[in-house]
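Only this structure's heavy atoms are used, side chains among them; waters, hydrogens and symmetry mates stay out. All ligand and atom numbering here is 1-based and tracks the order in the structure.
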Amino acid sequence: MKRFTYLFSLTLTAFILAAAVIIGCEGPAGPAGAAGADGKDGIDGTDGVDANATCTECHNEDSDVFVKSLQTGNSKHMTGGAFERSDADCAACHTHEGFLDRMESGEMEASADIKQPSPPQCRTCHKIHINYDASDFAIRYPDPVELWINSVTVDLGVSNMCANCHQPRIPEPMYVIGGDSIDIDNMRWGPHHGPQSAMLYGTSAYEVAGSVSYPTPGGTTHASAGCTQCHMPDAYGNQAGGHTFAMSYEYHGSEEDWVAGCTDCHSTIEDFDYNGVQTQVSTLLDSLHHVLMNEGLLDEDGYLVADDDAPLRVSPEEAGFLYNFKFIEEDLSMGVHNPGYAMALLKNSLEALSN
Ligand code: HEC
Ligand code: HEC
Ligand code: HEC
Ligand code: HEC
Ligand code: HEC
Ligand code: HEC
């Protein structure tokens, strides 16, 4: 307490001394002058871009972009490795860069080989880093797609994005029913590996007349589901659904069907072989394979008996049956995409071939 009183009196003394000096050195102030006129307003500067405000619409504490990256990273688009097929013609579907190039030009090929390819990824299907706000999640190419093979336009909503690539390529040479025989010199002749949009819509195959009628193109309920309702339902980890686009997952060592996308419409479904449709399609496809083998057109593995040295001469109808076989085989859904179309093609082709 003594120490405090001592310090306090020292401070007080110093203050009184200082006050005396200030007061002692200055005379009394004169009256204040009148206020001056206001200056002119300056021109407003342009608003600065607030980086945080737009970037954080996507880059924020949510795990959304991360989740989608994990799923996309485990989709076959990324893991399949086929984006090394980057010559101009293949790059049109197998690489992000070649795809944007040909969508811009409207051609069926990229304008050049792609030297530094990347696979289909966020920027392929969305507009990422164009507007730099959340509107960039819009689907990049949502317009209906005119199929290369027969100029039929399919409209699958947001899934039009998929149809641009998952469509038949034009077989080389193409057959024309009622036209001339053709010489095939490629064992892989056919619609190529991804004809799903044409199958879903129900178009492009050789619709030979027979006892089963063909569904109206685009008229099935599955076509109204686009691709996304079945392939992008809730995700199973990063194995199936969501942005993996995959339909099955591994569980304790066995392959299971992810039916999350089916149950809205088929509440009791347990696996994809609903009402035994896949089993029937698989049996009929096997029969068609054997008939075409007996005709000397296909080998045991389902390739055409054709090569450069020994081209295969076929009538347009035979080419049509070969197309139908490859179309259903390469579609990979064993009838699910369009049960009515697959069944009609198989039954009518087999009938026609047995005559
Ligand atoms: C830019 C072209 C392109 C677009 C757009 C595209 N895909 Fe693909 N997709 C491919 C290619 C190419 C492969 C094969 C990749 C590989 O094997 O390396 C593939 C593979 C797949 C697979 C795996 C196939 C398998 O054999 O397991 C599924 C499923 C798939 N895509 C669904 C979709 C869906 C659904 C969409 C639309 C939301 C879509 N794809 C959009 C080109 C595309
Ligand atoms: C119209 C788009 C398109 C074009 C053009 C295209 N592909 Fe494909 N390709 C696909 C799609 C889609 C798939 C995936 C199909 C699936 O697995 O169901 C695929 C699959 C493949 C696969 C099989 C991958 C696998 O894992 O089984 C190979 C190999 C392939 N393509 C090679 C080529 C080559 C070589 C070219 C050029 C000569 C080419 N593709 C041109 C769309 C295309
Ligand atoms: C093959 C095409 C494809 C690829 C690749 C892809 N997406 Fe998508 N994405 C879609 C489609 C189609 C939808 C819409 C699904 C629907 O409407 O059911 C979608 C939806 C989304 C949504 C929801 C959008 C909204 O409006 O709410 C987000 C977020 C998203 N994707 C992020 C990503 C990210 C991040 C990547 C890359 C890591 C990616 N996507 C890659 C096709 C794709
Ligand atoms: C529409 C949502 C969205 C907006 C808005 C957005 N980004 Fe991105 N950004 C993404 C996606 C999606 C990726 C790719 C993720 C992947 O490939 O897995 C990405 C990737 C990135 C990357 C990693 C490098 C790359 O290009 O892949 C950086 C850095 C980045 N963004 C910065 C920004 C900045 C800075 C802004 C604002 C000026 C911004 N982003 C705005 C969605 C967005
Ligand atoms: C009605 C539901 C449904 C719709 C709609 C659908 N798919 Fe499928 N898809 C399936 C089922 C089920 C399988 C797998 C069958 C199996 O593995 O036994 C499949 C298989 C595939 C495969 C082979 C690879 C895989 O995952 O097994 C590709 C590629 C594919 N679909 C692409 C598409 C594309 C592209 C569209 C839109 C044009 C589409 N699908 C629309 C149900 C659907
Ligand atoms: C949007 C609703 C919808 C979704 C999603 C859907 N289906 Fe269907 N499905 C139908 C309808 C409706 C029919 C009856 C035929 C028609 O009207 O087109 C049908 C018919 C079928 C058939 C033929 C049945 C028969 O006895 O001939 C099979 C097989 C099938 N669906 C499997 C599936 C599988 C597997 C999935 C999920 C991968 C699925 N569907 C998703 C609505 C749907």
Whether over 12 other heavy atoms sit under 6.0 Å from Asp234 CG = no

Would you mind telling me if ligand 3 is within reach of the side chain of Ile139, the backbone, both or neither, using heavy atoms under 4.0 Å?
-> side chain

Region of Asp87 engaging ligand 2 - heavy atom pairs below 4.0 Å | neither

What's the shortest distance from atom 32 (C) of ligand 3 to any protein heavy atom, and which residue and atom give it?
-> Phe137 CE2, 3.6 Å

Hey, could you give me the OG/CD1 distance between Ser204 and Ile170, rounded to the nearest 0.5 Å?
-> 11.0 Å

Has His59 got an N, O or S atom lying less than 2.8 Å from atom 8 (Fe) of ligand 4?
-> yes

Mind running side-chain contact (heavy atoms from CB on, under 4.5 Å) on Leu298 and Leu322 for me, showing each step along the way?
-> CA-CA 8 Å; Leu298 285 180; Leu322 286 168; 3.8 Å; yes

With no hydrogens and no angle check, is any side-chain donor or acceptor of Ser315 less than 3.5 Å from a backbone partner on Glu318?
-> yes

May I ask you to decide if Pro171's main-chain N or O and His192's side chain share a donor-acceptor pair within less than 3.5 Å?
-> no

His129 near atom 8 (Fe) of ligand 4: N/O/S under 2.8 Å = yes

Which atoms of ligand 2 sit under 4.0 Å from any heavy atom of Gln196?
-> 18 (O)

Counting from 1, what ligand 3 atoms have a heavy atom of His77 closer than 4.0 Å?
-> 1 (C)

Quick one: look up the protein heavy atom nearest atom 36 (C) of ligand 3 and list residue, atom name and how far away it is.
-> Cys122 SG, 2.8 Å

Can you tell me if Thr72 and Gln121 form a side-chain donor-acceptor pair at under 3.5 Å?
-> no

What are the atoms of ligand 4, with element, lying closer than 4.0 Å to any heavy atom of Asp136?
-> 1 (C)

Which of the listed options, Met232, His166, Gln121, His126, holds the heavy atom that is closest to atom 5 (C) of ligand 3?
-> Gln121

Closest N/O/S atom of His94 to atom 8 (Fe) of ligand 2, by atom name?
-> NE2

Going by distance alone, is a donor N or O of one side chain under 3.5 Å from an acceptor N or O of the other, for Asp273 and Thr279?
-> yes

Do any of the N, O or S atoms of His192 sit under 2.8 Å from atom 8 (Fe) of ligand 2?
-> yes

Ligand 3 contact on Gln229 by region, counting heavy-atom pairs under 4.0 Å = neither

Distance-only N or O hit between ligand 4 and Thr54, under 3.5 Å | no

Would you mind running through ligand 2 and noting each atom that sits below 4.0 Å from a heavy atom of Asp89?
-> 5 (C), 38 (C)

For Glu207 and Tyr341, test the side chains for any donor-to-acceptor distance below 3.5 angstrom and give the result as yes or no.
-> yes

Metal proximity, His243 vs atom 8 (Fe) of ligand 3, N/O/S cut-off 2.8 Å | yes

How does Arg85 reach ligand 2, by side chain, by backbone, by both or by neither, if only non-hydrogen atoms under 4.0 Å count?
-> side chain

Just need the protein heavy atom nearest to atom 23 (C) of ligand 3, so name the residue and atom and give the distance.
-> Lys68 NZ, 4.4 Å

Is a donor on one side and an acceptor on the other found under 3.5 Å between the side chain of Asp155 and the backbone of Gly157?
-> yes

Can any side-chain N or O of Thr54 pair as donor or acceptor with the backbone N or O of Asp133 at less than 3.5 Å?
-> no

Kindly identify the option in Gly157, Ser75, Cys125, Ala138 whose heavy atom sits closest to atom 42 (C) of ligand 3.
-> Cys125

When you look for heavy atoms under 4.0 Å from ligand 4, do you find them on the side chain of Asp133, its backbone, both, or neither?
-> backbone

For Asn355, look at atom CG and say whether over 12 heavy atoms of other residues, nucleotides or ligands are found less than 6.0 Å away.
-> yes

Going by the atom numbers of ligand 2, which of them fall below 4.0 Å from some non-hydrogen atom of Cys90?
-> 34 (C), 35 (C), 36 (C), 37 (C), 38 (C), 39 (C), 41 (C)

When every non-hydrogen atom of Ser75 is compared with those of Phe245, the smallest separation belongs to CB-CD1, 4.1 Å

Pull out every atom of ligand 4 sitting under 4.0 Å from any heavy atom of Arg123, numbered as shown with elements.
-> 14 (C), 17 (O), 25 (C), 26 (O), 27 (O)

Would you check whether Lys127 reaches within less than 4.0 Å of ligand 4, judged by its heavy atoms?
-> no

Pair Thr244, Tyr236: side-chain N/O donor-acceptor within cut-off below 3.5 Å | no

Determine, using heavy atoms of Lys76 and all atoms of ligand 2, whether some pair is separated by less than 4.0 Å.
-> yes

Just which atoms of ligand 2 are under 4.0 Å from any heavy atom in Trp148?
-> 1 (C)

What protein heavy atom sits nearest atom 28 (C) of ligand 2, and how far off is it?
-> His193 CD2, 3.6 Å

Within less than 4.0 angstrom of ligand 2, does Cys165 place any heavy atom?
-> yes

Is the closest protein non-hydrogen atom to atom 25 (C) of ligand 3 under 4.0 Å?
-> no

Taking heavy atoms and a distance under 4.0 Å, where does Met161 meet ligand 3: side chain, backbone, both or neither?
-> neither

For ligand 3, which atoms have a heavy atom of Ser69 less than 4.0 angstrom away?
-> 38 (C)

Looking only at distance, does Tyr132 have an N or O less than 3.5 Å from an N or O of ligand 4?
-> no

Just let me know how Asp64 lines up against ligand 3, side chain, backbone, both or neither, with a heavy-atom cut-off below 4.0 Å.
-> side chain

Please state whether the separation between atom 8 (Fe) of ligand 2 and some N/O/S atom of Cys93 is under 2.8 Å?
-> no

Starting at CG of Asp143, measure out to OG1 of Thr153 and round the result to the nearest 0.5 Å.
-> 11.0 Å

Geometric N/O contact Asn164 with ligand 2, under 3.5 angstrom = no

In the protein, what heavy atom is nearest to atom 17 (O) of ligand 2, and what distance, to one decimal place, separates them?
-> Leu332 CD1, 4.0 Å

